[in-house]
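Structure first, commentary second.
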Amino acid sequence: MANETVEIFSDEEKDILQEIMNIAFGNATADLADVVDIYVKLSVPSVQVIEIGALPEYLRTTIKTDGTSNIIEQKFWGNFKGSGLLVFPGGTERDLMAILEDQDREDISNIQMAALEKGGLLEIGNILIGACVGKVSELLDTFVTYSPPQVLQGDTNNCNFLIEQFDPSQTAIVMKTLFNFKEKDINGFLLILTNHESIGWLRKALKNFMDSYE
Amino acid sequence: MIVSQIFDMLDAGIVVLDRDLNVFKWNRWMSTHSKISAEEIVGKPLFDFYPELNKSWFLRNCKSVFTFGNFAFISQKLHKYCFPFKSYYNSLGYRFDFMQQSCTLGPLRNDSNEIQYIYITIQDVTEIVAYEQKLIEMNIKDGLTGVFNRRFFEPRLEEEFQRHRRYNRSLSLIMLDIDHFKHINDTYGHQAGDYILKSISLLVEKKIRNVDIFARYGGEEFCCLLPETSLDSAKVVAENIRKQISDETFHFKDKEIRLTLSQGVASLAKDIESAEALLKKADDALYAAKNTGRNKVVALQ
């Protein structure tokens, strides 16, 4: 199986994708600061090719699925298609809300707070996933459309539906980056999962990307 | 064009804005609710008509759509509404000043795939919000008196207990019980009893602050949690309530009813290690008040 994976996606291609992500996330960071006043630091991303069978275990160990993480999931569609997953540790909701600091906060009861925090998570998730996926697509000379983001409760069962969208005989590309907000001490990470169907297209796009430098 | 007919017939608002946030399209739904016709607004800056949208959250969403080509979802929960349209909804006991809206923003690309415009769709979710509020209310309030119920109170007591202990702040709890309530029911009937429970709830609510949590704990027993309040201050509050109730004459049909309250007060202290222990202490104080003559406030140090 391992050999097949390498055939599907070579180490060189992985390196190129990593490079693209690196540039894209750099652009995303700059634009987030410039355009929407969100100051976020993204680590050098890592790219992994994972067989679908191993994906549940990967997600379980990567996302601390002890019920305390906040996970925001958003699907994207196009030539480049898959899911973005943003994972924040639990208890950071109110600090995240402060990043969207302009909210009208008067007369908010505790009951409404929970709904607000969810809304805030969705808004942050939508912007971060949109910025990162958008910039990767831009470099690959394509564009994607999105489904509304959703907040997943932090337990593994809820991750299963992510896996269901993949054919078990296939391979997924998982791109992972750590991020932290400069003004708030919030660390989290972003996973971009893309499936087999995108791989053929990705190889072509990566080749075009490299050709433009030669 | 068949598709373009949908634009005006749809039961939702559609607005298209250019990169300078001038209105490019304004569908009939928008005209109907805004009372601004397409002729009036098309070609003009949106903020000339809706200056209240010239805020960072709205600009952030527009800019993010133009820059990243993503979608932005402006939820009713966070923002209540985008466009201040009058709401005619009036049901389930709710009225809203403005139509509650759920909005989506997205990119519109030209033939060369550049984002030239953004669209905003506006959905009226007022009725859903009303149902939601009703459900929340039914879940946390006592149906008879309208004050919080026990289901709401207990987790709040736990939360406040943890928070006040962590920051070493004072927190007090009053337990209130109507004296000889069974006698009122037996003498004047259960409707009178219900009336008394409602009246007392109203009177007590007027004597406490907004931050205090007043709940019906069961039967004729109530709890009042007073954040950031010392035992001495809580005693003053309880004494005020006691006096107000014992001075009051309640009128039910042609009957005059007089009654009194017994109250137990307790505060956070070193020896109280749990929310239940605080409740227990206030309850012990209440029993002491009952056993030593009623119509009184007993505080346990």
Side-chain angles (χ1 to χ4, degrees), chain A residues 24 27-28 30-38 74-78 84 97 99-138 141-151, chain B residues 52-81 102-110 112-115 119 121 123 129 132-133 135-141 148 151-153 155-156 158-160 163 210-211 213 227:
Chain A
N27 292 347
D31 275 354
L32 282 168
D34 274 5
V35 180
V36 289
D37 290 325
I38 291 176
Q74 187 167 28
K75 290 192 177 51
F76 53 92
W77 312 81
M97 290 294 292
I99 292 168
L100 309 168
E101 56 210 313
D102 44 30
Q103 309 302 342
D104 201 356
R105 299 287 287 277
E106 59 193 76
D107 71 0
I108 287 173
S109 70
N110 260 32
I111 315 143
Q112 287 169 308
M113 200 58 211
L116 274 178
E117 284 168 1
K118 190 178 168 205
L121 282 174
L122 291 175
E123 196 166 329
I124 285 274
N126 185 52
I127 290 177
L128 290 184
I129 294 171
C132 294
V133 173
K135 288 291 163 186
V136 173
S137 324
E138 204 175 276
D141 202 23
T142 186
F143 66 89
V144 296
T145 61
Y146 303 83
S147 299
Q150 50 178 330
V151 174
Chain B
E52 59 271 56
L53 286 177
N54 194 358
K55 292 261 174 61
S56 59
W57 64 268
F58 186 76
L59 290 167
R60 179 175 62 230
N61 281 311
C62 292
K63 283 177 183 171
S64 119
V65 175
F66 273 123
T67 312
F68 305 120
N70 65 345
F71 290 73
F73 303 92
I74 300 179
S75 76
Q76 181 277 332
K77 294 211 164 50
L78 270 184
H79 300 280
K80 298 200 165 57
Y81 55 85
S102 186
C103 303
T104 307
L105 276 71
L108 294 172
R109 294 168 192 271
N110 62 18
S112 9
N113 276 335
E114 293 153 349
I115 301 167
Y119 72 80
T121 59
Q123 231 188 315
V129 174
E132 221 172 67
Q133 290 194 1
L135 275 177
I136 292 172
E137 198 181 295
M138 283 165 63
N139 196 34
I140 65 171
K141 295 226 165 136
F148 291 118
R151 175 171 36 216
F152 176 79
F153 181 79
R156 291 303 307 278
E158 181 66 36
E159 266 173 46
E160 294 295 332
R163 190 163 67 89
N210 277 338
V211 291
I213 302 161

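This one's a predicted model, so the numbers in the text were calculated from it and none came from an experiment. Throughout, protein chains are lettered first and strands after them, A, B, ... in sequence-line order, and every chain is numbered starting at 1.
- Between chain B and the residues A:P149, A:G134, A:S137, the largest count of heavy-atom pairs under 4.5 Å involves A:P149.
- When heavy atoms are compared at a cutoff of 4.5 Å, B:N210 does not approach chain A at all.
- Looking at A:I129, neither its backbone nor its side chain comes within 4.5 Å of chain B, counting heavy atoms on both sides.
- For A:V133, no part sits under 4.5 Å from any heavy atom of chain B, backbone or side chain.
- Residues satisfying the side chain to side chain contact (heavy atoms under 4.5 Å, CB included) criterion with B:Y119, sequence neighbours excluded, are B:V16, B:F71, B:T104, B:L108, B:T121.
- Using a 4.5 Å cut-off between heavy atoms, A:T145 contacts chain B through both its backbone and its side chain.
- Side-chain contact between B:H79 and A:E123: present, with at least one pair of heavy atoms (C-beta onward) separated by less than 4.5 Å.
- Geometric assessment of B:R109 against the ring of A:F143 yields a positive cation-pi assignment under the 6.0 Å and 45° thresholds.
- With sequence neighbours left out, B:R151 forms a salt bridge (charged side-chain N to carboxylate O under 4.0 Å, His left out) with no residue at all.
- No cation-pi contact links A:K75 to A:Y146, judged by a cut-off of 6.0 Å to the six-membered ring centre and 45° from its axis.
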